[in-house]
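Have a look at the structure below, then the notes.
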Amino acid sequence: MNRPHVIINCAMSADGKIALPARKQLRISCDEDIERMYQLRNKCDAVLVGINTILSDDPKLTVKEKHVKQPCQPIRVILDADCKTPKDALAVNQLAQTMIFTGKKCNKEFGKNVDVIKCKIDENGLIVLRDLLEILHKRGVKTLMVEGGGTVIWGFLKQGLVDDLFVYVAPMIIGGKITPTLADGEGINGIDELINLEIVDIQSLGPGFLVHYRMVK
Ligand SMILES: NC(=O)c1ccc[n+]([C@@H]2O[C@H](COP(=O)([O-])OP(=O)(O)OC[C@H]3O[C@@H](n4cnc5c(N)ncnc54)[C@H](OP(=O)(O)O)[C@@H]3O)[C@@H](O)[C@H]2O)c1
């Protein structure tokens, strides 16, 4: 299968949470991690999130000039089977190209920088990630940064479609049974389904630390 190199990047608390229990964003990354995240985004051809992240956080998904001089804006990719992306979402603004992958015909009119692509969906109504990656590869995307949320990260990990995983671990506890975590989805059923990682590097970063994992395939 021809696919881009897939990098997951995420910031979590010491208890593995990536947002508030009400699914709202909170700042987990330190200044140093934010700087690193923008540098990484700038090096990737595309950056991907799920529709829930768009609806809860309304991220721009661009590279700020404050962090990178003459930024190379990655293509923004949104997984959105039901075409719920609001027309005024910041991730479809004019600052970069956007590709919205849906499972049905979408009648919304976005700007010229937005490409709505109808893609195959699986039995759970989710975009088929292998097809998505092949389409991205055909369009010249060599490196894809997956930023979340937990459902999307789970999907990539579960299907073995990840090469590198960067996790910033902040010295904080968020708690809450229903709080989004690094990998949500349905989880594994038994030890034979474990998703194994190897640690490539650990470094301290600001008050927390950054772990670089690779998937064991
Ligand atoms: N700390 C961090 O680094 C970080 C980064 C990003 C997000 N977040 C947090 O993550 C939370 C959102 O995470 P979430 O798990 O609720 O949602 P999500 O992962 O952002 O989006 C999941 C949705 O994407 C759509 N989707 C389509 N195809 C998919 C596929 N193949 N695999 C997975 N999803 C697919 C589905 O909705 P449809 O069926 O409608 O298409 C699915 O429900 C927010 O609270 C946000 O703040 C944290």
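First listed ligand is number 1; within each ligand, the first listed atom is number 1.
For ligand 1, the atoms lying closer than 4.0 Å to a non-hydrogen atom of D57 are 46 (C), 47 (O). Each of the atoms 40 (O) of ligand 1 lies under 4.0 Å from some heavy atom of K84. Interface atoms of ligand 1 facing A19, defined by a heavy-atom separation under 4.0 Å, are 45 (O), 47 (O). Numbered from 1 in the order shown, with element, the atoms of ligand 1 that lie under 4.0 Å from a heavy atom of G150 read 13 (O), 15 (O), 19 (O). Listed by atom number, the atoms of ligand 1 under 4.0 Å from G50 heavy atoms are 18 (P), 20 (O), 21 (O), 24 (O).
With contacts defined as side-chain heavy-atom distances shorter than 4.5 Å, the pair H67/I34 qualifies. Side-chain atoms of I75 and T98, non-hydrogen and from C-beta on, never get closer than 4.5 Å to each other. D163 has its side chain within reach of R3: a pair of non-hydrogen atoms, C-beta onward, lies under 4.5 Å apart. A heavy-atom distance below 4.5 Å is not found between the side chains of H212 and L165.
Nearest heavy-atom pair across L90 and K60 is CB-CG, 3.9 Å. Of all non-hydrogen atoms in M1 and L161, the two that sit nearest each other are SD-CD2, 4.4 Å. Taking every heavy atom of both residues into account, T179 and A19 meet most closely at CG2-O, 3.0 Å. In this structure, P86 and L55 approach most closely via the heavy-atom pair CD-CD2, 3.8 Å. For V47 against L144, the heavy-atom pair with the smallest separation is N-CD1, 4.3 Å.
Nearest protein heavy-atom neighbour of atom 3 (O) of ligand 1: A11 N, 3.1 Å. Among protein heavy atoms, atom 34 (N) of ligand 1 sits closest to V152 CG2, 3.6 Å. What sits closest to atom 9 (C) of ligand 1 on the protein, heavy atoms only, is I18 CD1, 3.8 Å. Residue, atom and distance of the protein heavy atom nearest to atom 37 (O) of ligand 1 are I51 CG2, 3.3 Å. Protein heavy atom nearest atom 44 (C) of ligand 1, with residue, atom name and distance: S56 OG, 3.4 Å. Closest to atom 13 (O) of ligand 1, if we only count protein heavy atoms, is G149 CA, 3.4 Å. Regarding atom 14 (P) of ligand 1, its nearest protein heavy-atom neighbour is T151 OG1, 3.6 Å. At the shortest separation from atom 5 (C) of ligand 1 among protein heavy atoms lies E147 O, 2.9 Å.
At least one N/O-N/O distance between N52 and ligand 1 falls below 3.5 Å. For ligand 1, none of its N or O atoms has an N or O atom of D184 under 3.5 Å away. Geometrically, ligand 1 and L129 share no nitrogen or oxygen pair separated by less than 3.5 Å. At least one N or O atom of R23, backbone or side chain, sits closer than 3.5 Å to an N or O atom of ligand 1. The shortest N/O to N/O separation between C10 and ligand 1 does not fall below 3.5 Å.
Between V146 and the choices L79, V77, N9, V152, the side chain to side chain contact (heavy atoms under 4.5 Å, CB included) rule is met once, by V152.
Counting non-hydrogen atoms of neighbouring residues, nucleotides and ligands closer than 6.0 angstrom, the NZ atom of K108 exceeds 12 such neighbours.
Nearest to atom 28 (N) of ligand 1 by heavy-atom distance, out of V128, T85, I127, is I127. For atom 39 (O) of ligand 1, the nearest non-hydrogen atom from the set L126, D80, I78 belongs to L126.
In summary, the side chains of D80 and T102 do not present any donor paired with an acceptor at a separation below 3.5 Å, with no hydrogens or angles considered.
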